[in-house]
Amino acid sequence: MKSLTEYTIDQRSTVREALNKINLNGVGFVVVTNESHNAIATISDGDIRRGLLKNLTLEHSISEVQNVDFLAVASIHEAISLCESKKGMEFFPILDNQRKIKNIYLAHQQTPVLKKQNSVVIMAGGLGSRLGEITKNCPKPLLKIGERPLLHQILMRFKMHGFENFYLSINHMADKIKEYFQDGDDLGINITYLEEPKKLGTSGSLFYLKDQIFEPFLVTNGDILTTIDYSTLLELHIENKADTTVACREESIHFPFGVVESTDGIVKNFVEKPKICKNISAGIYAFSPSVFNELPNEPTHLDMNTFITRLINKNYEVRSFVFEEEWIDIGTPDKLEKAKTMNRLKP
């Protein structure tokens, strides 16, 4: 497992020591830290070359070549967003409020140095019947969004946030999905399959994970493309000590008519073409292992709304995480076509 020490160097080091570390980590840079382990500068192999051209030697202090005017971010999500606008950037140090290094995002590899061991469960066993003939011979997870299948896009988006351990719950045309993704090694991730003997709904297959997962984990429907900050969703879930966190988006409905509000036949108010806003479930969830106690004792069809309602009724801590990033539920042909034009959703 990678360690941040491979990418950092003490400010009292020499140019030679910086060059050696850059050669060892293979990414072309190091982050300079002070005695308090705060990030104070960066050094790239280009910085060292320019220093040597100015007649510096390998025994000079790295203070002679370091770049104190470097770009740092506060989260993986911010780094991913900046990758689109800062095309020449190779890395982004991720710092906390004290400027201590939490992680480093490698732009060219589209992944952070430190990975998350928390699992991600993707529900990919549905029929995709709302898509009609499109899914007659191809399971919904393998429908192309750009150059890659939908499920490929989802997996890569999670990988960009440092997730590498996945469970794919499959049923319809399961063999085609397994043939495409296999164990995930070609994508640099680990895939384990939950093969549903029958359709188990959007949460029934969690039964198979009772003795497999012992840390907080994420669950997503297999037809959701989004730029949500998966990392922060998990971090806040853990910080809040919640049993469940439901990712939500605000959706609004415009009534095309005037709405009459009345009581016992007496009109109390008249609202012209109002807009009503509600938080809807985005099909993405964080769970703690505590929820396994409320699953059936055998594989049973169970939809997510039923499961979460059960948790609420039994006084589990169920919280919401409202996000504004792009999101689309690819359930109909028109949504599929729209997703193909949403370039920011494709890693």
Side-chain angles (χ1 to χ4, degrees), residues 1-118 156 158-165 187-190 229-232 234-235 238-239 347:
M1 182 181 295
K2 293 286 186 180
S3 166
L4 288 179
T5 58
E6 299 176 42
Y7 304 86
T8 61
I9 192 167
D10 186 271
Q11 65 179 348
R12 294 163 293 190
S13 303
T14 65
V15 174
R16 183 187 299 278
E17 290 169 323
L19 185 58
N20 285 337
K21 180 153 282 196
I22 288 172
N23 285 335
L24 286 173
N25 68 34
V27 295
F29 73 90
V30 287
V31 180
V32 182
T33 58
N34 60 18
E35 294 179 356
S36 300
H37 305 291
N38 298 330
I40 60 171
T42 60
I43 299 174
S44 68
D45 48 11
D47 293 326
I48 293 176
R49 285 196 302 272
R50 286 185 286 274
L52 295 177
L53 288 173
K54 294 178 180 179
N55 295 321
L56 294 178
T57 71
L58 294 177
E59 308 313 319
H60 272 87
S61 167
I62 56 174
S63 61
E64 301 287 344
V65 296
Q66 67 187 19
N67 172 26
V68 296
D69 187 25
F70 65 101
L71 178 61
V73 296
S75 68
I76 293 175
H77 190 65
E78 186 180 349
I80 293 171
S81 299
L82 282 175
C83 280
E84 300 174 2
S85 58
K86 305 288 184 181
K87 297 290 186 183
M89 290 292 296
E90 297 181 356
F91 64 95
F92 296 88
I94 302 172
L95 310 182
D96 65 15
N97 292 335
Q98 285 73 47
R99 299 192 66 79
K100 286 186 167 50
I101 304 175
K102 296 191 297 183
N103 211 330
I104 297 173
Y105 193 81
L106 305 177
H108 60 293
Q109 295 181 15
Q110 291 189 306
T111 184
V113 168
L114 297 183
K115 311 298 183 185
K116 291 181 172 61
Q117 297 308 302
N118 306 78
M156 290 301 96
F158 274 104
K159 182 182 177 183
M160 289 167 68
H161 281 268
F163 294 92
E164 57 182 4
N165 298 313
L187 302 182
I189 58 178
N190 307 308
D229 186 348
Y230 292 116
S231 303
T232 298
L234 179 64
E235 289 165 7
I238 295 172
E239 181 182 319

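On a predicted model such as this, the values are computed, not experimentally measured, just so you know.
The CG atom of D45 lies 9.0 Å from the CZ atom of R50; values are rounded to the nearest 0.5 Å. Annotation: the span from L4 atom CG to I104 atom CD1 amounts to 5.5 Å, rounded to 0.5 Å. Once rounded to the nearest 0.5 Å, the distance linking CG of L19 with CZ of R49 reads 10.0 Å. Taken to the nearest 0.5 Å, the CD1 atom of I9 stands 12.5 Å off from the OG1 atom of T42. Rounding to the nearest 0.5 Å gives a distance of 12.5 Å between OG of S231 and CD of E78. Atom OG1 of T33 sits about 7.5 Å away from atom CD of Q11, to the nearest 0.5 Å.
For the pair I48/L56, no side-chain contact is recorded, criterion being any heavy-atom separation below 4.5 Å from C-beta on. Two residues are said to be in side-chain contact when any heavy atoms from C-beta on lie closer than 4.5 Å; H60 and T57 meet this criterion. A heavy-atom distance below 4.5 Å is found between the side chains of N103 and V113. Counting only heavy atoms from C-beta outward, the side chains of I101 and I94 never approach each other to under 4.5 Å. Contact annotation: the side chain of V27 approaches that of Q109 to within less than 4.5 Å [non-hydrogen atoms, C-beta and beyond]. Side-chain contact between L82 and M89 is absent, with no heavy-atom pair separated by less than 4.5 Å.
Pairing each heavy atom of A107 with each of F92, the nearest pair is CB-CE1, 4.1 Å. Looking at every heavy atom in both residues, S44 comes nearest to D47 through N-OD2, 2.9 Å. When all heavy atoms of C83 and Y105 are compared, the pair lying nearest together is SG-CE2, 3.8 Å. The two residues F163 and N118 have their closest heavy-atom pair at CD2-O, 3.6 Å. The nearest pair of heavy atoms linking A72 to L95 is CB-CD1, 3.6 Å. For the pair K159 and P112, the tightest heavy-atom approach, listed with the atom from each and the gap, is O-CD, 4.0 Å.
The environment of CD in E90 is sparse: at most 12 heavy-atom neighbours from other residues, nucleotides or ligands sit within 6.0 Å. More than 12 heavy atoms of other residues, nucleotides or ligands sit less than 6.0 Å from atom NZ of K100. Within 6.0 Å of the NE2 atom in H37, the count of heavy atoms belonging to other residues, nucleotides or ligands does not exceed 12.
Using the six-membered ring where Trp is involved, F29 and F91 have ring planes that are parallel, under 30° apart on the 30 and 60° scheme. Using the six-membered ring where Trp is involved, H161 and Y230 have ring planes that are perpendicular, over 60° apart on the 30 and 60° scheme.
A side-chain donor-acceptor contact under 3.5 Å links N25 to the backbone of E6. In this structure a side-chain-to-backbone donor-acceptor pair under 3.5 Å is missing from K102 to S75.
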Full working for side-chain contact (heavy atoms from CB on, under 4.5 Å) between I76 and M160: CA-CA 8 Å; I76 293 175; M160 289 167 68; over 6 Å; no
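Remark: R16 engages E59 in a salt bridge, criterion side-chain N to carboxylate O under 4.0 Å.
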